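It should be emphasised that the depicted structure is a prediction, and the values quoted were computed from it without experimental measurement.
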Amino acid sequence: LRFDFKLAPGTNNGLAIRSPGASQGSQAYRGMELQILDDSAEKWADLKDWQFHGSLYGCAASERGHLKPAGEWNRQVVIAHGPDIVVILNGSIILSVNTDKLAAEGTPDGREHTGLKRRKGHIGFLGHGDPVAFRNIAIKELK
């Protein structure tokens with residue numbers, strides 16, 4: 001999946017991957033949620049490392065420092081192939097994890113993430129009522 005996004009100051013959003021669907025419960029646990037977040041905002045100063053932009057929510061922290069300031073366009077690529085999830089933000093790999101390993105070792109948030117075992121499902125943008133713009137969305141099936 002490739003897309004451009006632009007955040008307003010303080011925006012909180014997310015990207016569901018391998019989701020069983022909204023009617024099946026929380027996307028962050030039954031599927032997987034990658035954070036889309038203006039984590040430079042003061043209101044997010046006390047987040048856990050697995051809650052910042054690009055992180056696999058509750059499961060794995062991304063590398064910070066590659067998100068452009070609110071109001072500027074960012075390009076993100078998400079590669080989900082087998083158990084491997086890679087997030088590339090503005091040309092830099094900020095997350096590279098193996099979900100089988102995460103499921104076996106347990107997650108930092110201490111919650112059950114059954115979605116870590118999923119290999120297929122829906123993709124969706126998870127709004128929290130904050131303004132965010134998306135453009136140039138492209139999906140390619142990997143075989």
Side-chain angles (χ1 to χ4, degrees), residues 1-103 105-140 142:
L1 170 66
R2 182 184 68 228
F3 59 95
D4 298 337
F5 66 96
K6 179 169 55 172
L7 303 173
T11 291
N12 180 10
N13 204 282
L15 173 68
I17 61 171
R18 297 180 173 171
S19 166
S23 65
Q24 301 298 310
S26 173
Q27 303 308 292
Y29 303 98
R30 299 289 311 264
M32 289 176 253
E33 180 180 352
L34 295 167
Q35 290 289 85
I36 299 176
L37 180 80
D38 173 25
D39 54 32
S40 66
E42 179 73 26
K43 70 180 183 177
W44 304 124
D46 295 328
L47 292 179
K48 306 283 188 206
D49 60 355
W50 44 263
Q51 292 177 302
F52 289 107
H53 179 85
S55 295
L56 183 55
Y57 187 83
C59 300
S62 65
E63 179 179 297
R64 297 186 66 200
H66 303 281
L67 186 65
K68 293 180 182 178
E72 293 186 28
W73 285 102
N74 294 271
R75 166 137 313 169
Q76 187 155 308
V77 176
V78 176
I79 302 166
H81 194 249
D84 299 313
I85 307 292
V86 177
V87 177
I88 303 165
L89 177 63
N90 298 319
S92 296
I93 296 173
I94 63 168
L95 182 73
S96 181
V97 296
N98 180 290
T99 57
D100 287 345
K101 185 176 177 185
L102 290 174
E105 293 176 353
T107 59
D109 71 355
R111 299 202 42 196
E112 184 178 8
H113 289 262
T114 58
L116 291 173
K117 298 175 184 175
R118 294 181 62 83
R119 295 295 183 259
K120 62 183 179 178
H122 301 281
I123 296 171
F125 294 107
L126 305 173
H128 292 282
D130 295 333
V132 60
F134 294 99
R135 68 178 187 190
N136 300 322
I137 300 168
I139 300 171
K140 178 181 179 181
L142 301 178

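Salt-bridge formation is not detected for the pair D109/K48: no Lys NZ or Arg NE/NH1/NH2 atom is positioned less than 4.0 Å from an Asp or Glu carboxylate oxygen. For the pair R119 and D100, the salt-bridge criterion is met [side-chain N within less than 4.0 Å of a carboxylate O].
For the residue pair N12 / D130, no side-chain donor-acceptor distance below 3.5 Å is found, with atom types taken as modelled. A donor-acceptor contact closer than 3.5 angstrom links the side chains of H53 and Q76.
Note: F134 and F5 have tilted aromatic rings, judged against thresholds of 30 and 60 degrees for the angle between ring planes.
Nearest approach of L56 to L95, heavy atoms of both residues: N-CD2, 3.9 Å. The minimum heavy-atom distance between L102 and C59, with the atom names listed, is CD2-O, 3.7 Å.
D4 places no side-chain N or O within 3.5 Å of a backbone atom of W73 that could act as its donor or acceptor partner.
Environment of CD in E72: crowded, with over 12 heavy atoms of neighbouring residues, nucleotides or ligands closer than 6.0 Å. Enclosure of atom NZ in K43 by more than 12 non-hydrogen atoms of other residues, nucleotides or ligands within 6.0 angstrom is indicated. I88 CD1: more than 12 foreign heavy atoms inside a 6.0 Å radius.
In this structure, the side chains of L34 and V87 come closer than 4.5 Å at one or more pairs of heavy atoms. Between T114 and R30, the closest side-chain pair of non-hydrogen atoms falls below 4.5 Å. Counting heavy atoms from C-beta outward, R2 and I137 have side chains that stay 4.5 Å or more apart. Contact of the F3 side chain with the I36 side chain is registered, since non-hydrogen atoms from C-beta on lie closer than 4.5 Å.
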